[in-house]
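Scroll down for the structure; my scribbles are underneath it.
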Amino acid sequence: MNYDFQKIEKKWQEYWAKNETFKAQNNSEKPKYYTLSMFPYPSGAGLHVGHPLGYIAGDIYARYKRHKGFNVLHPMGYDSFGLPAEQYAIQTGQHPAITTETNINRYREQLDRIGFSFDWSREVRTSNPEYYKWTQWIFIQLFNSWYDVGADKAKPISELVAVFEKEGNETVNAVCDEDVSSFTAAEWKALDKAAQERILLKYRLTYLADAEVNWCPALGTVLANDEIVNGVSERGGHEVVRKKMTQWMMRITAYAQRLLDGLDKIDWPQPLKDSQTNWIGRSEGASVTFKVKDYEANIEVFTTRPDTIFGVSFMTLAPEHPLVAEITTPDQKAEIEAYVEATAKRSERDRMADVKTISGAFTGAYAEHPFTKEPIPIWIGDYVLASYGTGAVMAVPCGDQRDYDFAKHFNIAIPNIFDGVDISEEAFADKANTVIANSDFLNGLSYKEATQKAIAELEAIGQGKGKINYRLRDAVFSRQRYWGEPFPVYYDANGLPQMIAEEYLPIALPEVEKYLPTETGEPPLGNATTWAWDTANARVVANDAIDGKTIFALELNTMPGWAGSSQYFNRYMDPRNTETIYGKEAVDYWKEVDLYIGGSEHATGHLLYARFWQKFLFDRGFVPVDEFAKKLINQGMITGTSAFVYKDEESNTIYSKNLVGDKKVNPIHADVSLVNASDELDVEGFKSWRPEFKDAEFILEEGAYIVGREVEKMSKSKYNVVNPDAICEEYGADSLRLYEMFLGPLEQSKPWNTAGITGVHGFLKKLWKLYTPFMEGEVAEVAPSKENLKTLHKTIKKVEEDIENFSFNTSVSTFMICVNELTAQKCQSKEILSPLAVLVSPYAPHIAEELWQVLGNTTSIAEAAFPVFEEKYLVESSKEYPISFNGKLRFKLELPLDMSKEEIEKVVMEHDRTQDYLQGRTPKKVIVVPGKIVNIVG
RNA sequence: GCUCGGAUGGUGGAAUUGGUAGACACGUUGGACUUAAAAUCCAAUGACCAUUGCGGUCGUGCGGGUUCAAGUCCCGCUCCGAGUACCA
C-alpha cells in the first residue's frame, strides 16, 4: 500500500472539520493553554511558503499541548481593514468588502490545505461590524476615562467630574494637555456645558487635538510614526510632509512608564523589548527655566546634563517654537523669518537625509543664566526638534557634539567646564569620567554628584526640577481613509464631539460613490450621503436632514489599522458574545495569551499599542491581567532563492553560469519553478515563459543550462515565490509542515529551496513503510526489543525537550534518526509504533491520524496522551571512551560505565595503542572524566 | 553613529553545563534493480597528504589569551543582517 498523501490529507481535514476536533470550550477540568499566531492581512497575492512558518510552529505547539492534557485555545482570523483593498477600490471601483471577502476565501482555502488545528468557530474579522462594534466600544471607554497619576491608573471620567465639582482641579494630578489652567469648584460649576466639555477633552484618554501630523499626500492620509520608514510611507514609499490637523489622539504617553516596566514581566525576545524600550525613550534629567531678558517670557528646556549648566553659552529653539516670533528683535526679524520658512519647506526626509549641514539663525534676544545671570544668546536651529522635550535646548558646546558643531559654525564661545579635558577638537560627553570645573558650587564634583546638586539648587531658586522625559508621543488615531472602523462620534451644535451610546453600536461604515477624498479635501466618508446622527431616533440618517438641533454630522475619519488588532486576542475568548465585549467568565478563564507567535516588524506598532489598550482595559476592570501575552516568539523570515540566466549584453546569447567568465552579461530572473534541484534550467519551459527569448541561443555546459542562485526577499517581481498549494499538491501538507520546520531555527531568517523537500518526504514514506504490515492484515503481537525501546525513549526525550524549547528543526532530525533505526531493527511492535505516531502527530498530523487508525484506533489521535519518557530504557552499561593525547583524539575504547577513575586510567595506560603513542615517554598527567573522556598529557 | 543579532563542508543546518566538530537532510560520485526512465535500496562524501593496510596534517570569520581540553569562556578586530537615528 502506497503512501497516498492526497487522499489521507483530504480525509482527515474533513474529519477534523466535521467532528470539530479542535473546538475549544470555555471551561474544562484541564489546565488552559492559549496559543496564538498573529492574524494575517488577507492580501490579493495569497500565501507564499514564508507566511505559514509561524502558524505551523504554533500549530505544533498547540497540538503538543493538547496531547499533554491541556484545554487548548488556538484561533485564527483576519486583520481585514487596510490600505491595499482600498487602493484597489480606488482604481477599480470594486467595494473593498468584496475584495476582502475574496481574499479571505482564498486564504482560508490555502490554510485549510495545511491542516491547522484552528478553532474556526471563533474566527474574527476586524472589518466585520459584529467585531468592530467592540473596537468602537473600547474607543468610547477611552473617551470616558482619564489617567490619575497618583493612583497610576485610568479611571472613569465621571469621577474626575465629581472631583471638579467638589474641589476644582487643583488637587488633581492627571496626565493631561499642557495648557490646562487651574480652576475652583465654583468656577467649574459656573462654566456652561460646552466649556466644561472643552476642559474635559484635555483629560480624556482619547481626545481631539490640533496636531502636527505626518501627512502623506499620495495616500491622502496621516500616518503614525511607526508607519513611516526612512522618512517615507511604509506602504508605497510615498513622500510624507508635516501638517497641522485636528485629529483624534490616544494618550499613550500616560502609560509610558508602565509600558516600560511591564517588559520585565513578560517573556519576549530581547531585541523586541529593546526596540520598545528605545521607542519609549525614557531619559532622566531636569527641566530648567530660563528667563528671557527684557521680556516677559520663560524658556523651558529639558536636559539630561544639569551638571553642565555652567557650560551653557547659548540656547537653541526649534524653528517651530511658539516663542520664536515673539522674542525676535526687529533687527533679526528678516533673517529669522527666512530661516523658519526655509525649514518649514524642507520635508522631514530632507532634514533627516542631511544631518551634516549646520544651519540656524540668531533671534537677537537673550536669556538669563539662572545662576550667573549672564546673558545667553537665543538661536534657532533645525537640529532641535519641536516634537521632543520642550522644543528648546540649553546648549553646552563643551559637552555635546551637536552644540559644539553649532557653536563652531557660528563662532559662539565654547567655555570648558571639565577638569583636565581638552575640548579643542571635539566635545567631551563621557559621563563616567566627568569632573566639573569653572562651575561655582559644582566644582570638583562627578557627573552624579553635580547633577543632584544642580537640581537641588535649581529647585531652591524655583527655576527647575528633576524630570523624566519620554520620546514616546501621543498616537494619532485618525485616518483619512474609507476602509477602517468609523468613529462612534458626532459633532454637536458647539462643534464638540459626542459619543453615540453603546446600545446603538455598531455604527456601520456607510456606502460611498468614490473612495477618494472629497473635492473640498475631506476624507472619503465625506462622500457618504447617509452619514448623520439622529439623536432623537438614535440612527444614522441622510446628511440633508442635519438641522444642528437633534441631527448632527458624523465623524469623517476612520480608525487606523492597529485599532482592530489591539483587542482581537481578547475577543477570541468569547467571539460571539453580543451582549458584552467578552463574558467575565471567559476572560477570567483564558486570562492571557500563553504563547504568541509573529513577526518582529510589529515591535513598535501593533505590539506596543496592544499592550497600551490591554493596560487600559485592565485599569478599568475589563480584563484580569495587564499584559496580554506571557511569551512571544518572532519567527524568522523565509527568503527566496532566486534563479538567474545570463544574457550577453550585445547578442541574443544566454550563457550557462560557469561559462560567463569575463563576458559582459545581464542577469535575468528565471522563475524558480523552471529550475531543478541541480540548478539546471528547463530551457524549453523558460522559452515559453518568456517568449522574447524564444530565439535566444542557450550555451550549455555538459549538456545542461546551469542557473546562478541568489538569496533575496520572496516576491512576485523576483519570480522566486513558492506557493504552499503547489507543495501540498506535489508532496503533501505533512511534507510542507515538516520541511518548513526542518529548514532551521524558528527565529532565524533562512532561504527556501524546494529541492530539499525530498528529504522529509522520503522520511514520511519510510515512516509509512514501518506500519505497512498492519495494513496488510493481522500482525502477531510482538514484544518490543531492548533496542526498540531505547530508540523510542531516546526519541521521546529529545522531541519533548525540543518542543518545549521551540527547537522544531532538531526534532525533525530526531524523527528521521528514529525511523532509520526502527527500520534497521525491523520493528513490528505496536508498543513502539503507537507512541511513535503520537510523537509525530503535532508535526505531521494527517499521516499520524491515518497510522493511528491503521493500528486499530477508532478515535482521533488528537485525543491520545503524549508518551511518557522512561529513563530506564536508556541506561547503558558501557561507554565508548574517546582517548586523546594532548587533546587530540587518537582512538576509542569501550569500557564499562561503572569503572572507577583509577581503573579506567589503569586499563587505558596498559593498552597497546597507548604505549604506541607514548613511545616510552611517561605522561605528565592523565585526565579521566568518567562517562566522558580520557586525555593523556605529555 | 548607537543598540541587538549572526559568521561552522558545495547547500540548509547539528553539537545540553567547555569533553569524539560537521548529527540529520540536500547536492554530488559510484553501485544494485530496470529494456529504459522514475521510484527504491546500498556505499562514499570537510580540505590536503599518504594509500597495500595502518595512518598523518590542517580545519568552526580574523588575531591573541585562559585551560589537560575552546565552535562553546575572555580580550581586540573584520564582515554580514536587523532595528533606530540630530532625543538635548
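Since we're looking at a predicted model, the values are computed, not measured. Every chain is numbered from 1, with letters handed out A, B, ... down the list of sequences.
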inquiry  = Nearest to the Asn935(A) side chain among rC58(B), rA88(B), rG19(B), which nucleotide is it?
reply    = rG19(B)
key: From CA spacing to verdict: salt bridge (charged side-chain N to carboxylate O under 4.0 Å, His left out), Lys797(A), Glu801(A)   = CA-CA 6 Å; Lys797(A) 182 166 190 259; Glu801(A) 281 169 5; 3.8 Å; yes
ask   = Should the ring pair Phe410(A) and Trp379(A) be called parallel, tilted or perpendicular, given that the plane angle runs from 0 to 90° and is split at 30 and 60?
value = tilted
request  = Using the six-membered ring wherever Trp is involved, compare the ring planes of His602(A) and His606(A) and label them parallel, tilted or perpendicular (cut-offs 30° and 60°).
outcome  = perpendicular
task = Check every atom of rA15(B), rG19(B), rA39(B) against the side chain of Thr810(A) and return the nucleotide holding the closest atom.
result = rA15(B)
request  = Return the value, rounded to whole Å, for the distance between atom CG of Leu738(A) and atom C1' of rG13(B).
outcome  = 16 Å
Atom-pair distance (CG on Asn886(A); C1' on rG19(B)), nearest Å = 15 Å
request  = For residues Phe406(A) and Ile412(A), determine if any side-chain heavy atom of one lies less than 4.5 Å from a side-chain heavy atom of the other.
outcome  = yes
query = Is it true that the side chains of Ser283(A) and Tyr388(A) contain a donor and an acceptor less than 3.5 Å apart?
reply = yes
remark   = Ranking Thr390(A) and Lys879(A) by the position along RNA chain B of their nearest nucleotide, the one closer to 5' is Lys879(A)
message = As a test of reading the structure: which of rG55(B), rA88(B), rG19(B) is closest to the side chain of Thr304(A), going by heavy atoms?
response = rA88(B)
message = Quick check on rC24(B): is either OP1 or OP2 less than 4.0 Å from any side-chain nitrogen or oxygen of Asn809(A)?
response = no
inquiry  = Heavy-atom count check: over 12 atoms from other residues, nucleotides or ligands less than 6.0 Å from Asn2(A) CG?
reply    = no
remark   = Ranking rC87(B), rU84(B), rC68(B) by distance to the side chain of Ile927(A), first place goes to rC68(B)
message = Reading RNA chain B from 5' onward, which residue's closest nucleotide shows up sooner: Lys765(A) or Lys925(A)?
response = Lys765(A)
request  = Give one of base, sugar-phosphate or nothing for Asn469(A), where a contact means two heavy atoms less than 4.0 Å apart.
outcome  = nothing
ask   = Which nucleotides of nucleotides 25-34 of chain B have their base under 4.0 Å from a protein heavy atom (B), which only their sugar-phosphate (S), and which neither (-), written as one string 5' to 3'?
value = SSSS------
Between rG13(B) (P) and Phe808(A) (CZ): distance, integer Å = 17 Å
ask   = Reckon Lys750(A) has a side-chain N or O less than 4.0 Å from the OP1 or OP2 of rG13(B)?
value = no
message = Which residue is it: Trp768(A), Phe742(A), Phe5(A)? I am looking for the one with a ring-ring contact (aromatic ring centres under 6.0 Å, His included) to His761(A).
response = Phe5(A)
note = Rounded to whole Å, the CG-P distance (Asn2(A) to rU40(B)) equals 11 Å
message = Between rG71(B) and rU60(B), how far apart are the two C1' atoms, rounded to whole Å?
response = 5 Å
key: Main-chain N/O of Pro745(A) paired to Lys750(A) side chain as donor or acceptor, under 3.5 Å   = yes
message = Heavy atoms from C-beta onward define the side chain here; which of rG19(B), rC58(B), rA88(B) lies closest to that of Val384(A)?
response = rA88(B)
inquiry  = Using atom P in both nucleotides, what's the gap between rU11(B) and rU28(B) to the nearest angstrom?
reply    = 15 Å
Nearest listed nucleotide, side chain of Pro882(A), among rA88(B), rU17(B), rU20(B) = rU20(B)
message = Between the side chains of Glu821(A) and Lys790(A), is the shortest nitrogen-to-carboxylate-oxygen separation below 4.0 Å, so that they form an ion pair?
response = no
message = Measuring only the P atom in each nucleotide, how far is rG22(B) from rC79(B)? A whole number of Å is fine.
response = 32 Å
query = Do the charged groups of Lys798(A) and Glu800(A) touch, with an N to O distance under 4.0 Å?
reply = no
message = What contact category does Gln401(A) fall into here, base, sugar-phosphate, or nothing, at under 4.0 angstrom with non-hydrogen atoms?
response = nothing
key: Spacing of the C1' atoms in rC41(B) and rC49(B) (rounded, Å)   = 34 Å
ask   = Can any side-chain N or O of Asn805(A) pair as donor or acceptor with the backbone N or O of Ser807(A) at less than 3.5 Å?
value = no
request  = To the nearest Å, give me how far apart CD (Glu821(A)) and P (rA23(B)) are.
outcome  = 15 Å
Any residue of residues 272-286 of chain A with a heavy atom less than 4.0 Å from an atom of RNA chain B = Asp274(A), Ser275(A), Ser283(A)
key: Polar side chain donor-acceptor pair, Thr289(A) to Asn298(A), under 3.5 angstrom   = no
request  = For rA23(B) and rG55(B), measure between their C1' atoms and round to the nearest Å.
outcome  = 25 Å
note = Of the candidates rU16(B), rU17(B), rC87(B), the side chain of Glu801(A) sits closest to rU16(B)
ask   = Counting only heavy atoms not in Glu894(A), do more than 12 sit closer than 6.0 Å to its CD atom?
value = yes
inquiry  = Suppose you measure atom P in rG1(B) against the same atom in rC58(B); what distance do you get, rounded to whole Å?
reply    = 38 Å
inquiry  = Looking at rU20(B), I'd like to know if its phosphate oxygens (OP1 or OP2) sit under 4.0 Å from a side-chain N or O belonging to Arg890(A).
reply    = no
inquiry  = Just the rounded figure in Å: distance from C1' of rA88(B) to CD1 of Ile358(A).
reply    = 16 Å
message = Would you measure the distance from the C1' atom in rC48(B) across to the matching atom in rG81(B) and give it in whole Å?
response = 33 Å
task = For nucleotides rU8(B) and rA14(B), find the distance between their C1' atoms and express it as a whole number of Å.
result = 10 Å
query = Reckon Gln748(A) has a side-chain N or O less than 4.0 Å from the OP1 or OP2 of rG13(B)?
reply = yes
task = Looking at every strand, decide which applies to Val929(A) at a 4.0 Å heavy-atom threshold: base, sugar-phosphate, or nothing.
result = base
ask   = Rounded to the nearest Å, what distance is computed from the NZ atom of residue Lys888(A) to the C1' atom of nucleotide rG19(B)?
value = 16 Å
message = Could you tell me how far apart Leu895(A) (CG) and rG19(B) (P) are, to the nearest whole angstrom?
response = 20 Å
remark   = Among rU20(B), rC86(B), rC68(B), the one nearest any side-chain atom of Val937(A) is rC68(B)
ask   = Heavy atoms, side chains only, cut-off 4.5 Å: are Ile376(A) and Val312(A) in contact?
value = yes
query = Would rG76(B) be called syn or anti, given that syn covers angles within 90° of 0?
reply = anti
inquiry  = Using modelled atom types and a 3.5 Å cut-off, is there a donor and acceptor pairing between side-chain atoms of Thr343(A) and backbone atoms of Asp382(A)?
reply    = no
task = Would you sketch RNA chain B in dot-bracket for me? Only Watson-Crick or G-U wobble pairs with both distances under 3.5 Å count, crossing pairs as [ ], other-strand pairs as |, the rest as dots.
result = (((((((..(((......[....)))((((((.......))))))((((.....))))..(((((..]....))))))))))))....
